[in-house]
Each structure stands twice: as C-alpha cells, then as structure tokens.
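All values reported here derive from a predicted model rather than from experimental measurement. Order of the sequence lines fixes the chain letters, A, B, ..., with proteins taken first and strands second; residue numbering starts at 1 for each chain.
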Amino acid sequence: MSDMAETEFKQAVYEVVRRIPPGRVMTYGQVAAYCGAARAARIVGQIAMFGPDDLPWQRVVYKDGRLAGAFPGGRSHQAALLEAEGVEILPDYQVDVDKLLWEPQH
DNA sequence: TACGTGACTTTGG
DNA sequence: CCCAAAGCCACGT
C-alpha cells in the first residue's frame, strides 16, 4: 500500500511473461527489450526470483537455449514443465530457441 | 543513502 | 575456445 505502484518495467515483465503461450519460449534479453530496457536481461531474472510464482517463468530461457540453473526445483523440474507443454528437451537441458522463440504480438 | 549481489547478454582480449 | 568486464534494475544490509 505504501508503494503506489511497482515500476513500470517490472509490471511490463509480468505482462509479457504472462502472454507467452504454452509450448513457446522467450529469452531474458528479449523480454527485457520488450519492457523498454534491452540491456536489463539480468533484471528479468531478478524479477523472476521475487515475482509472482503463478507466471510461466519456465518459458523464459537463456538466449543460447539453456534453461535457468536457479529454477525452483532445479533445471529438471523446469524441463519437465516445458516437456509437459510439448517442448522437446535437448541434451544438456537445452531447447531449440530458434524454433520455439515467441514474439509478443503488437 | 550507499554498496554488493544476482534466473543475462554483449563485446573484447 | 576460454576468460573478464560493462550495463541494466531490483532488493537486502
């Protein structure tokens, strides 16, 4: 209540992540870019750690396609969630980001 | 109020 | 190919 409104950036991250459809993924840098801070990829991770857990954070991956190492339950859990959405998990906990990358529809 | 740390990405040696 | 540093924003001390 004391905080009138959380930063626009953080709110934007919430909205973007919420809009990622099942079976698709976005990179940290891409999410940051859509929120007005192309170089704030790290911040997306920070927000993911402190942000609401009802958002599909498992759909946010490295630009390289690797899964986050600090995902609650571990990479295997994140991989399981993605696999349940139909995402093919490649060896070394990677996904075909080139193929699954999703861009918000403007 | 200031400083350090961190779910990242890019650039340069 | 491997390593180091900068830049971004949020949060705890």
Ranking dG7(C), dC9(C), dG6(B) by distance to the side chain of A37(A), first place goes to dC9(C)

Side-chain atoms of F9(A) come closest, of dA7(B), dC11(C), dC9(C), to dC9(C)

Would you indicate, yes or no, if dA10(C) has its OP1 or OP2 atom less than 4.0 angstrom from a side-chain nitrogen or oxygen of T7(A)?
yes

Check your understanding: If you look at every strand shown and take non-hydrogen atoms under 4.0 Å, does G29(A) touch a base, only sugar-phosphate, or nothing?
Key -> sugar-phosphate

Does a donor on one side chain and an acceptor on the other come within less than 3.5 Å for E103(A) and Q30(A)?
no

Rounded to whole Å, CG of D64(A) lies from C1' of dT10(B) at a distance of 13 Å

Rounded to whole Å, the OH-P distance (Y28(A) to dT10(B)) equals 14 Å

d(R66(A) CZ, Y93(A) OH) to nearest 0.5 Å is 14.5 Å

Nearest heavy-atom contact between G23(A) and L100(A) is O-CD2, 3.7 Å

In whole angstroms, the gap separating P of dA7(B) from CG of D53(A) amounts to 18 Å

Which of dC8(B), dT10(B), dC9(C) is nearest the side chain of K63(A)? It is dT10(B)

| Angle class for the W57(A)/Y14(A) ring planes (parallel below 30°, perpendicular above 60°, tilted otherwise)? | perpendicular

Heavy-atom nearest nucleotide on DNA chain C taken for F50(A) and for R42(A); more 5' hit belongs to R42(A)

Correct closest heavy-atom pair for F9(A) and I43(A) would be CE2-CG2, 3.7 Å

Closest of dG7(C), dA7(B), dA10(C) to the I43(A) side chain is dA10(C)

**Message:** Counting the atoms with a prime plus P, OP1 and OP2 as sugar-phosphate, which does A68(A) contact under 4.0 Å by heavy atoms, base, sugar-phosphate, or nothing?
**Reply:** base

Whole-Å distance, I47(A) CD1 to dA7(B) P, equals 14 Å

Rounded to whole Å, the OH-C1' distance (Y14(A) to dA10(C)) equals 10 Å

Separation of dT9(B) atom P from Y34(A) atom OH, nearest Å, is 16 Å

